Every structure is written in structure tokens, then in C-alpha cells.
Amino acid sequence: MKSKIYLAVSAAVLPLIINSCGGNQAAQQKVMPVSVDSYQVKPVAAVYYDEYPATVTALNLVELRPEVSGYVTGIFFQDGQNVSKGMKLYEIDEQQYKAAYDEAVANLNVAKANLAKAQQDADRYNDLAKNDAIAKQVVEHANADLQSAKMQVIAAENNVNRVQTNLRNSIIYSPFDGTIGISQVKIGSSVTAGQTLVNTVSSNNPVAVDFSVDEKQIARFSNLLNRNTGDKDSTFTLSLPDQSIYAFTGKLILIDRAVDPLTGTIKARLSFPNPKNLLKPGLTCNVQIKNKVTGGDILIPAQALVEQMGEYFVFLVNGNRAVQRKIEIGMTIGSMVIVKNGLALGDKIVIEGLQKLRDNSLIADNTLVNKSSQSNMKN
């Protein structure tokens, strides 16, 4: 009987003990909120640069291919030399084509002489025919010979034009001012019309810089294209491979006609002065484009960010609770980061004490606005 009484008392007392312990823990949690510092989101103005990988390309570039076949008989430049428009670069069997031209001109002169004789015979015979002083058949033959002589002259003239074109094309000239590359042929090399690549000429100054931008930025770049920036605009600068900044600023000159459906990007082109020929076609660099954050945009201290699986969160102060919120961030400017989506002006976020926080944690906010955070921003 005593044993049964003992068990009954224990069963009655045990819930009281458990409730008492749980109550103490809840009380401890209630009186021990996480101590945090907060930052109130407010309008910030700043200037920063977006960076895009880019490639230097020539505004004008021509592959030189001969328009006649033959052997290279002359090269009139040094590899890598600056050339001017109309400068003689290559000679291809010029003497052979000159001889063919002289022969064609001689044949034309013979044809013209034959035409003159045929014209005289036809005129004389037609005059005699008016007086029935010559057989009709002779007159017809004379007229036929005249027509044949005329056709021979036309054929000879066409041949002269053809060989004259070949003679002219036996010399390759520079199509514009620029730099010529390393010759792909030597004197004595055989070349084929329209096929053999002999060299490449590219323009030097100015040069183009091509880069790709996200299709979401089309409207922004269209505005940059259409505005009159002037010669001293600093919107577009160039970072060279050695991390130095190119001395001249660029100007947006075109946006490509279509978006690449595979990448969702569109190509844009800048023009940069290149008086010292420092920018070579094919050079990889970074385009820096000035961007302005107006007074209505949001920057927050980077220390407020929590990264999870490639996504970014902040803890929003909601009364005496810290609520986790997902945000979309942009460019980092010094110790601050731009927030594209997820926060509004006036929101308060936690910037100190993040390590101990969980979603909906009880907090004790030590400060209303962290005024020193913005002063650390580097424009």
C-alpha cells in the first residue's frame, strides 16, 4: 500500500517540476534578448563605376587578297609599318600584265584601222550602187565587212578594259590610313585571285572597344547613346591589363541590332582616341562606366549582409524582434552595398550582433541609427 501512495505522489509532482524548469528557461529567454546595433535605411547619394570585360577592335580592318593571280614581284613596306591611304604595298607580275595591256591596245588600234578601211569601201561602193555602176553583191559584202569591223573594235575595246583592270589590280594599295601587319607572302610567292591572304590593314586612331551588357540595361545604354556627352565626358574609362587607367575617355557610338538569345546580352561599342597607338586590336581590358546613385536609392553597410547558398539576407528590426528578409544587392561601394530589391527607405536593419540571431529572435536594440556607417563609405 505504501508503494502505491509513493508512485501516485511522484506522478503528481513530476509535471510541476517540468513546468517549473520550462518556466525558468522561458523567463531566462525573455529577460535575455540578443543585444544588437541597428542602421536606419535612408537616402544616399554616391558615384561608382560598373565594370565590364571588353576587347579592343579596329574600327576599320581589311584583309588584303589579290584580285589577280601570279607571283609576288614587289613588297614596298616594312611589317608593322604605319601606312597611308593609296600607298603601294604589293606588286604581282606587273610587267606581265603591262605587256598584256600593251598588246591589247595594239590589237585595238589594228581593229580601228580595219574599221576605217571597211568604212571607206562601204561608202565608195554605196555611192557606185546609186548609179548602178557596181554589182549589188559587192555592196552587200562591203556593208557586212563594215559591221564585222565595228564588232571587232568593240571586242578589242572590251579586251583593253579587261587587261587594264588586271594591270591596275596587279598593284595592291592601302585602302586607308592605318597599320599593316606581318606579310603572309614573300617575293616570289604564288598567289591566287580572291583566295590568298597576303596581309591585314587596320585603322589606329580612333579604335573601338566592344563589351556585352545585360538586356535589362538596354534602356540605360540607349539613353547614354542618344545624349550629347561632349568630348570631356568621363562616363566611360578604360582599365588596361596592367590595372592602369587609360589616359583618354571614350564615347558610346553604337548598340548592336539584336540581343544574343543564348546569353541574354547585347553588344555595345565605344570609341577611344589612340594617338600613341597603345590600344592594339585584340587587347583585353575592362570598361568602367560611371553610375550615379541618386538621393532616393538605398545603400546599407556591407556588414549587415548574411549570405546563404549564394543568396543575401538582412535582419529587419520589427519592434523587439529581428525578422530575416531576403534582398537583392548590386555594386559594393567601399564599406557600403547597393540594395536593388527587398528594403525600403526608413527600414531598420541589424548591423551588429548578427552571429546570435535567428529569424524572429528577440532583440535589444542599442541604437536607433548608426550614423557612423555612412561616413565609412568610399565614393
Side-chain angles (χ1 to χ4, degrees), residues 34 36-53 211-225 227 235-236 252 255 259-268 286-361 363 365 367-379:
V34 177
V36 301
D37 290 337
S38 67
Y39 174 89
Q40 186 171 26
V41 177
K42 52 186 174 292
V44 177
V47 175
Y48 65 95
Y49 288 86
D50 295 321
E51 282 202 0
Y52 297 86
F211 61 103
S212 296
V213 298
D214 190 273
E215 58 188 351
K216 298 177 182 178
Q217 297 291 318
I218 291 178
R220 174 193 173 197
F221 279 87
S222 295
N223 291 333
L224 291 173
L225 178 65
R227 73 176 185 171
T235 299
F236 303 100
L252 185 65
I255 300 173
V259 174
D260 186 338
L262 297 180
T263 62
T265 60
I266 191 168
K267 183 180 289 186
N286 287 320
V287 169
Q288 297 181 336
I289 305 177
K290 183 187 293 184
N291 208 335
K292 293 183 179 180
V293 178
T294 63
D297 291 303
I298 294 175
L299 277 79
I300 63 172
Q303 68 192 80
L305 296 178
V306 177
E307 183 180 1
Q308 297 178 5
M309 304 295 288
E311 297 181 330
Y312 291 91
F313 300 83
V314 294
F315 282 97
L316 189 68
V317 176
N318 186 8
N320 62 349
R321 298 282 179 176
V323 180
Q324 192 176 48
R325 176 175 292 183
K326 180 180 176 181
I327 62 172
E328 181 182 353
I329 67 172
M331 176 70 64
T332 298
I333 309 174
S335 63
M336 307 291 282
V337 63
I338 296 173
V339 177
K340 296 181 177 180
N341 290 302
L343 288 178
L345 297 177
D347 286 344
K348 288 204 306 184
I349 58 173
V350 175
I351 59 172
E352 293 288 349
L354 296 169
Q355 298 81 359
K356 300 178 181 180
L357 291 181
R358 299 291 184 271
D359 189 24
N360 208 37
S361 292
I363 59 172
D365 189 2
T367 179
L368 294 178
V369 179
N370 188 342
K371 295 183 179 179
S372 64
S373 297
Q374 187 179 356
S375 64
N376 293 329
M377 181 182 64
K378 298 179 181 179
N379 292 341

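Quick note: residue numbers are just sequence positions, from 1. All figures in this text were calculated on a predicted structure; none of them were measured in a lab.
Listed here is the closest heavy atom pair of Leu343 and Ile298: O-CD1, 3.3 Å. Across every non-hydrogen atom of Ile255 and Ser222, the tightest pair is CD1-N, 3.7 Å. Residues Ala322 and Ile363 share a closest heavy-atom pair of CB-CG2, 3.7 Å. The nearest pair of heavy atoms linking Asp365 to Ser38 is OD2-OG, 3.0 Å. Smallest separation of non-hydrogen atoms from Gly264 and Val259: C-CG1, 3.8 Å. In plain terms, the two heavy atoms of Val350 and Leu357 that are nearest each other are CG1-CD1, 3.8 Å.
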Can Tyr312 and Val337 be said to form a side chain to side chain contact (heavy atoms under 4.5 Å, CB included), step by step? CA-CA 12 Å; Tyr312 291 91; Val337 63; over 6 Å; no
Go through Leu224 and Phe236 one step at a time and tell me if the side chain to side chain contact (heavy atoms under 4.5 Å, CB included) criterion holds. CA-CA 10 Å; Leu224 291 173; Phe236 303 100; 3.8 Å; yes
Start with the C-alpha gap between Asp50 and Arg220, add the side-chain angles, then the distance that decides, and say whether side chain to side chain contact (heavy atoms under 4.5 Å, CB included) holds. CA-CA 13 Å; Asp50 295 321; Arg220 174 193 173 197; 3.0 Å; yes
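A donor-acceptor pair under 3.5 Å links the side-chain atoms of Arg325 to the main chain of Gly342, judged by distance alone. Between the side chain of Asp359 and the backbone N or O of Gln324, at least one donor-acceptor pair lies under 3.5 Å.
Going from atom CD of Glu215 over to atom OG1 of Thr263 covers 8.5 Å, rounded to the nearest 0.5 Å. Rounded to the nearest 0.5 angstrom, Met336 CE and Ile300 CD1 are separated by 7.5 Å. Taking CG of Asn223 as the start and CD1 of Ile218 as the end, the distance is 12.0 Å to the nearest 0.5 Å. Here the straight-line distance linking atom CD1 of Ile349 with atom CG of Leu316 works out to 8.5 Å at 0.5 Å rounding.
Under the 30°/60° scheme for interplanar angles, the aromatic rings of Phe211 and Tyr52 are found to be tilted.
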